[in-house]
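Scope of the values below: all heavy atoms of this structure, side chains included, with no hydrogens, waters or symmetry mates. Since the model is a prediction, treat every value here as computed from it, not as a measurement. Note that ligands are numbered from 1 as they come in the structure, with each ligand's atoms numbered from 1 the same way.
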Amino acid sequence: MAESAELRVGDQTVELPVVEGSEGERAIDISELRAQTGCITLDPGFANTGSCQSGITFIDGERGVLQYRGIPIEELAEKATFLEVAYLLVYGKLPDKEQLEYYRESIRYHTMIHEDFRSFFGALPKDAHPMAACSCAVGALATFYPDSLDPRDPRQVEVSIHRLIAKLPTLVAYAYKHSIGQPAMYPRNSLRYVANLLYMMFGNPCEEYDVDPVVAKALDLQFILHADHEQNCSTSSVRLVGSSMVNLFAAISAGINALWGPLHGGANAEVIDMLAAIRDEGMSGRQFVERAKSRNDTSRLMGFGHRVYKNFDPRAKILKKACFDVLDKLGVHSKLLEIAVELEEIALKDDYFVERRLYPNVDFYSGVIYNAIGTPSNMFTAMFAIGRLPGWIAHWAEMHADPQFRIGRPRQIYTGRTKTAFTPIDQR
Ligand code: SDX
């Protein structure tokens with residue numbers, strides 16, 4: 001007997017079906033609520049609202065669990081490469097050797113972007129934020145590839161997916177080179193995915209650039225950990241924009257813009273700026289934590305807190321360990337890492353954070369690694385976007401394949417003025 005929920009509204013009682021997921025999560029299906037009761041639900045920030053049923057990523061915020069297609073993030077971080085994870089998320093299973101080789105070849109084949117992108121980036125101010133540059137560049141891909149915009153044509157969708165995964169690193173590197181006045185580097189297809197990105201970002205036409213395998217591995221790990229996170233702000237944006245049947249490039253451009261926000265993907269850069277400010281102002285960790293707690297201070301402990309995780313973000317645990325490994329291998333001492341560890345130790349014992357169940361999230365340590373490998377902080381969120389791209393694509397594709405697909409259109413409760421006559425201008 002399927003479970004149901006009873007809801008009493010006034011003198012009316014309705015029965016609503018309860019949906020149970022494969023990991024035991026339950027939801028009250030309110031699809032018929034308004035038809036039966038005339039009421040809608042209200043849930044600012046959607047903290048209690050499920051937008052869809054999805055088989056891509058599972059998060060248990062209470063237990064600090066994260067799984068991509070059922071595989072624990074800890075195993076993927078240790079045993080997979082980012083391209084394997086991208087394949088897993090988009091196609092639903094890990095590729096065998098032949099599939100992975102074909103996938104790698106296809107991505108390598110699509111890394112170059114149209115030559116007109118040089119003038120495209122050249123038209124932007126030098127201090128253009130890389131996320132602004134990348135969101136418009138990705139949107140502009142729709143103008144260069146009018147032949148692959150139909151979201152329901154399987155061949156066009158496949159080509160667009162490969163083009164996006166292949167070209168986003170090139171676009172990110174172009175945005176970076178433009179911002180430092182250096183020539184954009186053509187991708188070198190003899191290099192692996194992450195090594196190619198490092199080459200395009202830190203190489204130059206005047207000398208050879210050898211990719212440090214330690215740095216490439218650290219970046220590959222970062223991308224794996226950022227690859228998907230169920231219905232976060234940017235993924236929900238990709239789904240909502242994509243639900244209008246617009247092309248994939250436009251939907252991903254919307255995701256990039258949503259990720260840019262400091263409360264979401266922009267937090268990794270905010271963390272580094274916060275750690276650097278503490279260092280440069282000679283503040284103690286305790287002094288800053290007190291500021292982050294104060295209602296009279298707008299400071300927040302950036303990289304702490306999460307809408308879903310009310311325990312450790314498993315990605316933060318992996319990244320904290322990776323910070324020490326990478327810095328040790330690079331022979332780099334990071335004062336910023338020292339400050340981050342001190343802040344974490346203080347906050348985890350402080351009632352304010354304990355009561356609110358605020359723990360380090362993925363952004364708390366990721367910036368320390370980006371910083372250690374020479375990435376400027378304004379590029380951190382663009383790196384996050386490269387990692388998150390397969391997740392966005394996977395959710396967009398899952399949405400289009402959903403038999404219950406329909407355009408997303410939330411309702412509201414109106415609280416404005418009731419019906420009012422127009423006042424002519426000479427009477428206002
Ligand atoms: C990401 O959704 C995802 O999955 C996102 C992400 C992904 O992979 O896609 O995991 C990536 O975006 C991680 C989050 C990065 N953002 C930050 O690190 C910014 C700092 N964190 C916060 O702004 C906040 O914790 C959020 C935005 C992450 C979550 O916001 P919520 O769930 O709306 O929680 P809230 O703002 O209502 O906070 C609850 C309480 C408040 O205090 P009270 O009003 O109860 O007194 O906790 C306080 C907040 O003031 N609080 C913090 C805090 N985070 C929350 N106080 C100090 N420092 C913080 N970081």
Report the part of [X] (side chain from C-beta onward, or backbone N, CA, C, O) that has a heavy atom under 4.0 Å from ligand 1; answer both or neither where that applies.
{"X": "R388", "result": "side chain"}
{"X": "A292", "result": "backbone"}
{"X": "T235", "result": "neither"}

Compute the minimum heavy-atom distance from [X] to ligand 1 and say whether it is under 4.0 Å.
{"X": "Q231", "result": "no"}
{"X": "G303", "result": "yes"}
{"X": "R315", "result": "yes"}
{"X": "L358", "result": "yes"}

TODO: Over 60° means perpendicular and under 30° means parallel, so classify the ring planes of F353 and F304, tilted if in between.
DONE: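 F304 vs F353 ring planes: perpendicular.
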TODO: Give me the ring orientation class for H162 and Y91: parallel if the planes are under 30° apart, tilted from 30 to 60°, perpendicular past 60°.
DONE: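 Geometry flag for Y91 against H162: perpendicular rings.
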TODO: Apply side chain to side chain contact (heavy atoms under 4.5 Å, CB included) to S243 and M399, showing your working.
DONE: CA-CA 8 Å; S243 75; M399 174 189 70; 3.9 Å; yes
Protein residue, atom and distance nearest to [atom], heavy-atom basis:
{"atom": "atom 56 (N) of ligand 1", "answer": "Y352 OH, 2.8 Å"}
{"atom": "atom 17 (C) of ligand 1", "answer": "A267 CB, 3.5 Å"}
{"atom": "atom 12 (O) of ligand 1", "answer": "H264 ND1, 2.9 Å"}
{"atom": "atom 46 (O) of ligand 1", "answer": "R295 NH2, 2.7 Å"}
{"atom": "atom 16 (N) of ligand 1", "answer": "L263 O, 2.9 Å"}
{"atom": "atom 20 (C) of ligand 1", "answer": "F304 O, 3.4 Å"}

TODO: Return yes if a side-chain donor-acceptor contact under 3.5 Å exists between S4 and E15, otherwise no.
DONE: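 On atom types as modelled, these side chains qualify, holding a pair under 3.5 Å.
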Task: Nearest atoms (heavy-atom pairs only) where A316 meets N361 - done: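 Heavy-atom minimum between the residues: CB-O, 3.5 Å.
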Task: Considering all heavy atoms, the nearest Y365-C323 contact - done: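 The answer is O-SG, 3.5 Å.
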Open item on the list: Can you confirm if the aromatic rings of H306 and H229 lie within a centre distance of less than 6.0 Å?
Closed with: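 They qualify: ring centres under 6.0 Å apart.
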Please compare [options] and report which has the shortest non-hydrogen distance to [atom].
{"atom": "atom 58 (N) of ligand 1", "options": "N232, D228, L301", "result": "L301"}
{"atom": "atom 35 (P) of ligand 1", "options": "E270, R300, E230", "result": "R300"}
{"atom": "atom 10 (O) of ligand 1", "options": "R357, M302, H306", "result": "H306"}
{"atom": "atom 47 (O) of ligand 1", "options": "R356, H229, K310, R307", "result": "R356"}

Task: C233, any N or O under 3.5 Å of ligand 1 N or O - done: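 In fact, backbone or side chain, C233 has no N or O that close.
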Task: Side-chain heavy atoms of H395 within contact of V238, under 4.5 Å - done: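 No, too far: nothing below the 4.5 Å cut-off.
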Subset of ligand 1 atoms that lie under 4.0 Å from at least one heavy atom of [X]:
{"X": "N361", "result": "13 (C), 14 (C), 15 (C), 17 (C), 18 (O)"}
{"X": "D363", "result": "1 (C), 13 (C), 14 (C), 15 (C)"}
{"X": "G305", "result": "25 (O), 28 (C)"}

Indicate yes or no for a side-chain donor-acceptor contact from [X] to the backbone of [Y] under 3.5 Å, with no hydrogens or angles considered.
{"X": "T111", "Y": "R108", "value": "yes"}
{"X": "S366", "Y": "N268", "value": "no"}
{"X": "N232", "Y": "E230", "value": "yes"}
{"X": "R388", "Y": "H226", "value": "yes"}

Is there a protein heavy atom less than 4.0 Å away from [atom]?
{"atom": "atom 37 (O) of ligand 1", "answer": "no"}
{"atom": "atom 26 (C) of ligand 1", "answer": "no"}
{"atom": "atom 7 (C) of ligand 1", "answer": "yes"}

Open item on the list: Counting only heavy atoms not in K293 (residues, nucleotides, ligands), do more than 12 fall under 6.0 Å from its NZ?
Closed with: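 Above 12, so yes.
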Open item on the list: Tell me if the CZ atom of F405 is crowded by more than 12 foreign heavy atoms within 6.0 Å.
Closed with: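 Atom CZ in F405 is packed in, count exceeds 12.
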